[in-house]
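Here's the structure, in structure tokens; my notes come after.
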Amino acid sequence: MSHAQRAVIAIHGGAGTISRDTSPEELKAYHEALADVLRAGQAVLAAGGSALDAVTVAVQHLEDCPRFNAGRGAVFTHEGTHELDAAIMNGTTLDAGAIACVHRVRNPILAARSVLERSPHVLLVGEGAEAFAAANGAELVDPEYFFTEARYAQLQRALASAAVSLDHDMPLKKEPIDPDTKFGTVGAVACDMHGHVAAATSTGGMTNKAIGRVGDSPLIGAGCYANDATAAVSATGTGEAFIRAVACYEVGALMAYAGLSLADAAERVIRERLPRVDGRGGLIAVDAQGNVALPFNTEGMYRGVARVGETPVTAIHE
Ligand code: ASP
């Protein structure tokens, strides 16, 4: 395979129950949004740019699109606020940066990238993360920026359903965090012409989550991981389960220690490791040869792949 041929970017915009009743116009809009994002990442790779730059650009675009649960379209916490998380990892150097529980950073992935490049730390949270982001040029917005009607309605449904369940004396810790079970987290993985890989993940978390709750997305190994020797992986789904399965790291571990191919390792995590801890969702993965895997164990996953010089391919259901 030539160097240009292995250059590829894959993205996801969340997995979960995606209603078959969604209007054709709405589905078309999702496909177009995914294809636009892929073209932006593809342009970086086609110009000889790095996988790290390609995933940064792709996730920044996904964060700016209100259809996805990251940045602008982030879901609401139980208190009706927003807390955003993001992580990014360079598969060549194994450098990583992440932020969690921020509510004024317009593009959490850019702040995570600043942590990767300019901080001795890997993960910053809350006020400290916002101060660091601002000091490093991140755009801060009024929290109102993250208010969208659709996500607010989703929170109201989640609150109503929790109230009903409580009437039936269900233990609170077993309440569904998001009865809509649409995990709109976004992510990107890429392999560049030089055979380097990178991964990035960004999210608003889960609707109706507790203040201070951190999911898998900003945790290196759980919702984001990259290593040139194995794979770059970004996940979406029930974050608590992905943390307990160390899902993204597990893909690379199965390749390194059990000799599995990228496709087999990714499938095994989704079909065996995650169900063992009641995990639902999907992941996207790419290796340094440009192989791609996009498995999920939910009804659908917003996803797409673009190789340099080829038309982007997008999909939502099976
Ligand atoms: N994994 C994310 C979280 O738990 C949710 C998602 O994928 O939409 O925060």
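Worth saying up front: this structure is predicted, and the values here are computed from it rather than measured. We count ligands from 1, going down the list as the structure has it; atoms in each ligand are counted the same way. Positions are given from 1 along the sequence.
For a threshold of 3.5 Å applied to N or O pairs, the pair formed by Gly237 and ligand 1 contains at least one separation below that value. Residue contacts with ligand 1: Gly239 is placed with a nitrogen or oxygen under 3.5 Å of a nitrogen or oxygen of the ligand (distance criterion only). Considering both main-chain and side-chain atoms, Glu240 never comes within under 3.5 Å of ligand 1 through any nitrogen or oxygen pair.
Aromatic ring orientation, Tyr30 versus Phe68: perpendicular (interplanar angle above 60°, classes split at 30° and 60°). Below 30°, between 30° and 60°, or above 60°: for Phe146 and His82 the angle between ring planes is between 30° and 60°, a tilted geometry.
Of the possible polar contacts, one joining the Glu83 side chain to the Gly212 backbone as a donor-acceptor pair under 3.5 Å is found. The backbone N or O of Val197 lies less than 3.5 Å from no partner atom in the side chain of Asp192, so there is not a single donor-acceptor pair. A donor-acceptor contact shorter than 3.5 Å links the side chain of Thr201 to the backbone of Gly223.
Of all the listed residues (Thr185, Asp216, Asn69), Asp216 holds the heavy atom that lies closest to atom 1 (N) of ligand 1.
Of the heavy atoms in Glu83, none comes closer than 4.0 Å to ligand 1. Of all the heavy atoms of Ala235, none lies under 4.0 Å from any atom of ligand 1, so neither backbone nor side chain is involved.
With His78 as reference, Asn208 is the one residue of Ile211, Leu155, Asn208 to meet the side chain to side chain contact (heavy atoms under 4.5 Å, CB included) rule.
Each ring-ring contact (aromatic ring centres under 6.0 Å, His included) pair with one or both residues in residues 196-237, not counting sequence neighbours, appears once here: Tyr225-Tyr249.
Near Gly205, with a cut-off below 4.0 Å to any heavy atom, the atoms of ligand 1 are 5 (C), 9 (O). Close approach to Thr236 involves these atoms of ligand 1, each under 4.0 Å from a residue heavy atom: 6 (C), 7 (O), 8 (O).
Contact between Ser217 and ligand 1 is present, with at least one heavy atom of the residue lying under 4.0 Å from the ligand. The closest approach between any non-hydrogen atom of Lys209 and ligand 1 is not below 4.0 Å. For Gly14, the heavy-atom gap to ligand 1 stays at 4.0 angstrom or more.
Residues Ile220 and Val246 share a hydrophobic cluster, clusters being chains of Ile/Leu/Val/Met/Phe/Trp/Tyr side chains in contact below 4.5 Å.
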